[in-house]
Amino acid sequence: LDKAESTKTCRAEQYDMDMKLDVKNKLLSGQVAMRLTNETRDTLDELCIRTDATDGMAITNLRIIETSEHPEIKSKSKDSAVYLDISSTQLKPGETITLQFDFITEIPKTNNRFGYAINGDDEIYQLTFCYPRIAMYENGAWDESPYITDGAENNYVTVSDYNVDFEAPENLMIIASGNEKTEGNLTKITGKNMRQLAIFAGTNIKKDSQTVNDVKINNYYFDHEGNKKYNDMALEAAKDSVNLFSTLIGEYPYEELDIVHGFYSSAMEYSGVILMGTPDVEDRTALDEYAAFTNLSSGIAHETAHQWFY
């Protein structure tokens, strides 16, 4: 993805984030520093931050690093759009500032893109569309398109680079967009040219990996003997999809593709990651017997194609 060829907007060139998952109180919190460049011809007196899937996210301690000024929250719409007053500073065409702030939000118990879910010994935190991001700015206005919970795409963003320190209990396996390395309770996540950051943290998760066309394919799944054929099929479908689309379309844009089997009614793509909903069948520990393999393979192919086309 070439940044120069995409839409001129107020771009977040980079997100630097320290995030913490509090499993006891079901909270996600952190500090965000977003480096913003005004690529438009407009002088901006306000910024619009989107909170997407979260309900009642608190944003505090706002500061522009370069000037030490503290923007105030100007207004908040019902569609997860938070406006910040920067009229005393302004962001002129071609200028860059770094906006820093803290955030905290509750994590709902739900089988959805943002939330946590439990099924017996299987537990997973699906942390997507859940951190504050800059909205798109086009034609003199900020985009307030609502975040839609189910059955719709929510990817109207430009690419950014990410540097993230993610703190979580050591018993959780951490999977994320980009490249992640976990030591103890801290996972360092880095990624370039990503449309969004997705993080998954779960228990009883196993990983199988294979490589195709120099792309590492990782399949993360809940470890149950009755799901072995199902999980093997998922890895094969991902390999075949990357191989096919790389041949027909062009080079895969990231180093890895992670398949995460979580709890969701469908499937969803993120940069370098696919969330595959575990089928809601009679016994989720016996998918070899109850699940439809055609839905699995076609779903993975569809979401893999989104790595090239959003």
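Other residues, nucleotides and ligands contribute over 12 non-hydrogen atoms within 6.0 Å of the CD atom of Q14. In N25, the CG atom is crowded: over 12 heavy atoms of neighbouring residues, nucleotides or ligands sit closer than 6.0 Å.
Residues T110 and N112 bring no donor and acceptor atom of their side chains to less than 3.5 Å of each other. No side-chain donor-acceptor contact under 3.5 Å links Y137 and E46. The closest side-chain donor-acceptor pair between R50 and S80 falls under 3.5 angstrom. Side-chain contact check for Y270 and T128: at least one donor-acceptor pair (N or O, by modelled atom type) lies under 3.5 Å. If you check the side chains of N243 and N213, you find a donor sitting under 3.5 Å from an acceptor. For H224 and N231, the side-chain atoms include no donor-acceptor pair closer than 3.5 Å. A donor and an acceptor atom, one from each side chain of N204 and D121, are nowhere located under 3.5 Å apart.
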N/O donor to acceptor pairs below 3.5 angstrom from side-chain atoms of residues 88-95, sequence neighbours left out:
| from | atom 1 | to | atom 2 | distance (Å) |
| --- | --- | --- | --- | --- |
| S88 | OG | E69 | OE1 | 2.9 |
| T89 | OG1 | E69 | OE1 | 2.9 |
| T89 | OG1 | E69 | OE2 | 3.0 |
| Q90 | NE2 | D45 | OD1 | 2.7 |
| E95 | OE1 | K92 | N | 3.0 |

Test log, rule side-chain hydrogen bond (donor to acceptor under 3.5 Å, both in side chains), inputs H261 and N219: CA-CA 8 Å; H261 297 267; N219 188 44; 2.9 Å; yes
F309 and F245: CA distance, side-chain angles, deciding distance, ring pair (Phe, Tyr, Trp, His ring centres under 6.0 Å) verdict: CA-CA 11 Å; F309 302 106; F245 297 140; 8.5 Å; no
Verdict with reasoning, Y147 to F129, per ring pair (Phe, Tyr, Trp, His ring centres under 6.0 Å): CA-CA 9 Å; Y147 175 86; F129 299 109; 5.5 Å; yes
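The closest side-chain heavy-atom distance from M57 to P132 is below 4.5 Å. No side-chain heavy atom of V260 sits under 4.5 Å from any side-chain heavy atom of I274. At least one side-chain heavy atom of I300 sits under 4.5 Å from a side-chain heavy atom of M276. For the pair F103/T60, no side-chain contact is recorded, criterion being any heavy-atom separation below 4.5 Å from C-beta on. Proximity of L244 to T247: side-chain heavy atoms (C-beta onward) are nowhere separated by under 4.5 Å. A heavy-atom distance below 4.5 Å is not found between the side chains of N185 and P169. Inter-residue side-chain proximity for P279 and Y290 is flagged as unmet; no heavy-atom pair is nearer than 4.5 Å. With contacts defined as side-chain heavy-atom distances shorter than 4.5 Å, the pair Q126/I124 qualifies.
Note: F200 and Y125 fail the aromatic proximity criterion, with ring centroids not under 6.0 Å apart. Aromatic pair F222/F263: centroids less than 6.0 angstrom apart.
Nearest heavy atom pair, residue Y252 against residue Y254, reads CD2-O, 2.8 Å. Closest heavy-atom contact between G277 and Y230: O-OH, 4.4 Å. Closest of all the heavy-atom pairs between L172 and A168 is CD1-CB, 4.4 Å. Of all heavy-atom pairs between I217 and A238, the closest is CG2-CB, 3.6 Å. Residue K216 comes nearest to T211 through the heavy atom pair CA-OG1, 4.2 Å, listed as atom of the first residue, atom of the second, then distance. Taking both residues in full, the closest heavy atoms of A135 and W142 are given as O-CZ3, 3.3 Å, listed atom of the first, atom of the second, then distance.
Ring geometry, H302 versus H306: the interplanar angle exceeds 60°, so the pair is classed perpendicular (tilted spans 30 to 60°). Ring geometry, Y15 versus Y162: the interplanar angle falls under 30°, so the pair is classed parallel (tilted spans 30 to 60°).
Identified under the salt bridge (Lys or Arg N to Asp or Glu O under 4.0 Å) test for residues 235-260, with sequence neighbours left out: E236-K239. Applying the salt bridge (Lys or Arg N to Asp or Glu O under 4.0 Å) test to pairs two or more places apart or on separate chains, those with a residue in residues 276-294 are D280-R284.
With N38 contributing its side chain and T40 its backbone, the two residues share a donor-acceptor pair below 3.5 Å. Side chain of N227 to backbone of L287: a donor-acceptor contact under 3.5 angstrom is found.
Partners of S209 by side chain to side chain donor-acceptor pair (under 3.5 Å), not counting sequence neighbours, listed by chain and number: N218. Under the side chain to side chain donor-acceptor pair (under 3.5 Å) criterion, S297 pairs with no residue at all, not counting sequence neighbours.
Through direct or indirect side-chain contacts shorter than 4.5 Å among Ile, Leu, Val, Met, Phe, Trp and Tyr, I104 is connected to L27.
Under the 4.0 Å criterion applied to side-chain N and carboxylate O atoms, K26 and D22 are not assigned as salt-bridge partners. Taking a cutoff of 4.0 Å between a charged side-chain nitrogen and a carboxylate oxygen, K74 and E72 do not qualify as a salt bridge. Note on R11 versus E39: salt bridge recorded, some NZ/NE/NH1/NH2 to OD/OE distance being below 4.0 Å.
With I86 as reference, L47 is the one residue of L36, L47, T67, L99 to meet the side-chain contact (heavy atoms from CB on, under 4.5 Å) rule.
F293 and Y221 sit in two unconnected hydrophobic clusters of ILVMFWY residues. Membership requires side-chain heavy atoms under 4.5 Å apart, directly or through other members.
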